[in-house]
There are 2 protein chains.
Amino acid sequence: MNPILASDSLTQRLADSGLRATPQREVVYSVLLRKRDHPTAEEVFARVKAELPTISLATVYNCLETLVQCELVRAVNFERSPTRYCPNLRPHAHFHDEQTGRTYDIDLPPAVLAEVNQVLPAGFDASSVEITFRGQARATS
Amino acid sequence: MNPILASDSLTQRLADSGLRATPQREVVYSVLLRKRDHPTAEEVFARVKAELPTISLATVYNCLETLVQCELVRAVNFERSPTRYCPNLRPHAHFHDEQTGRTYDIDLPPAVLAEVNQVLPAGFDASSVEITFRGQARATS
DNA sequence: GCGATTATTTGGAATTGTTCCAATTCCAAG
DNA sequence: CTTGGAATTGGAACAATTCCAAATAATCGC
């Protein structure tokens, strides 16, 4: 009945983990979907407050952590700057523009991913791999 | 005259950047070379104190930062845990063992590095790329 | 060598991002 | 209802790092 489909998949994923779909979780997730610019927890907090003025920063951290657990959101770390969050579930690398500080998603073709995994010697069993570029982007995307 | 060759290349690199080879910098660097287990700043601090009991943590941070600037050492970040330092200058990825917390260097063949760089669309100019695996290692290395 | 200048080190305070905690509040089921 | 677990909240605590101002050390022009 709710026209916002994302909310349904959210509810489903949460239920799968035995968790509830609360307004806070829904708004945090929708904020991430709405503007996919890899916001920090503080930025998410600011955006969510527009809709839920009484939400606390702790709750934003809780919700983000929950979404990461449910694999609806990826936490992205670049050096020691604040963790950023992205709702892109396809395999992708990140490009960090040194000038602007902006982060871009770079799609990772399965073939490349496969080749990268080949570099692991016997005895190393990787559950995930993260690829991060840093440099300069003139792209508008 | 000094039989420790590393110290010479250190002196050289520092000089190239207009910096001095101080005892603190030399000992911090030698500690990294001696045990290449990706220590944190605190761990380096503890090891250096054996030789220079009066060194301060701030100086260890300074020295590490200097060595990173001179490209003698790489800073390695894994999620939000403390930065680790490694004196391995060859292109390599890192494998983070989720059980033990240990970090392993994984050599990166130029061909793989080249292919990874190919995923960047036009307009993205990368100055460096970082590849980090996470998983389980049974290796002894 | 000798003072002037600059680089480096030092200890402690400050900062930042995040987590913890104890006290509510909110649901959901019996 | 009411009882129990889940979730939220605000503020304190925390960990890693950086900042800062004072002390120390090295280097340079003379």
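Naming: A, B, ... by sequence-line order, numbering from 1 per chain.
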Using atom [atom1] of [X] as one end and atom [atom2] of [N] as the other, report the distance to the nearest whole Å.
| X | N | atom1 | atom2 | answer |
| --- | --- | --- | --- | --- |
| B:Leu52 | C:dT8 | CG | P | 16 Å |
| B:Glu79 | C:dT18 | CD | C1' | 14 Å |
| B:Glu43 | D:dT17 | CD | P | 11 Å |
| A:Asn77 | D:dT17 | CG | P | 13 Å |
| B:Ile55 | C:dT8 | CD1 | P | 14 Å |
| B:Lys49 | C:dT9 | NZ | C1' | 15 Å |
| B:Phe45 | D:dT18 | CZ | C1' | 15 Å |
| B:Glu65 | C:dT8 | CD | P | 13 Å |

Closest nucleotide among [options] to the [X] side chain:
| X | options | answer |
| --- | --- | --- |
| A:Arg25 | D:dA7, D:dT9, C:dT18 | D:dA7 |
| B:Tyr61 | D:dA25, D:dA16, C:dC27 | D:dA16 |
| B:Pro82 | C:dT18, D:dG5, D:dT17 | D:dT17 |
| B:Thr83 | D:dT17, C:dT10, D:dT8 | D:dT17 |
| A:Glu42 | D:dT8, D:dA16, C:dT18 | C:dT18 |
| A:Asn62 | D:dT8, C:dT18, D:dG11 | D:dT8 |

May I ask you to decide if the ring planes of A:Phe78 and A:His96 are parallel, tilted or perpendicular, using 30° and 60° as cut-offs?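 Geometry flag for A:His96 against A:Phe78: parallel rings.
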
By nearest heavy atom, map A:Arg20 and A:Arg80 onto DNA chain D; which one lands nearer the 5' end?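 Residue closer to the 5' terminus by nearest nucleotide: A:Arg20.
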
Strictly below 4.0 Å: does A:Thr59 bring a side-chain N or O up to OP1 or OP2 of D:dT9?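 For A:Thr59, the contact criterion (side-chain N or O under 4.0 Å from OP1 or OP2 of D:dT9) is met.
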
So, does A:Thr22 get its side chain near the phosphate of D:dA7, meaning an N or O under 4.0 Å from OP1 or OP2?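 For D:dA7, OP1/OP2 do not have a side-chain N/O of A:Thr22 under 4.0 Å.
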
Testing B:Arg36, B:Arg90, B:His94 one by one against B:Asp105 for a side chain to side chain donor-acceptor pair (under 3.5 Å), which residue passes?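 Passing option: B:His94.
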
Counting the atoms with a prime plus P, OP1 and OP2 as sugar-phosphate, which does B:Thr54 contact under 4.0 Å by heavy atoms, base, sugar-phosphate, or nothing?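 It contacts sugar-phosphate atoms only.
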
So how far is it from B:Tyr85 OH to B:Cys63 SG, rounded to the nearest 0.5 Å?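 Going from the OH atom of B:Tyr85 to the SG atom of B:Cys63 covers 11.0 Å.
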
Roughly how far apart are A:Leu52 CG and A:Thr59 OG1, rounded to 0.5 Å?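 OG1 of A:Thr59 is found 10.0 Å from CG of A:Leu52.
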
Under a 3.5 Å cutoff, is there a donor and acceptor pairing between the side chains of B:Arg74 and B:His92?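 B:Arg74 vs B:His92: donor-acceptor pair found between side chains.
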
Take A:Arg84 and B:Gln24, find for each the nucleotide of DNA chain C with the closest heavy atom, and name the residue whose nucleotide sits nearer the 5' end.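 Going by which nucleotide is closer to the 5' end, it is B:Gln24.
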
DNA chain C: 5'-proximal contact among A:Thr40 and B:Ala58 (nearest heavy atom):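 The answer here is B:Ala58.
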
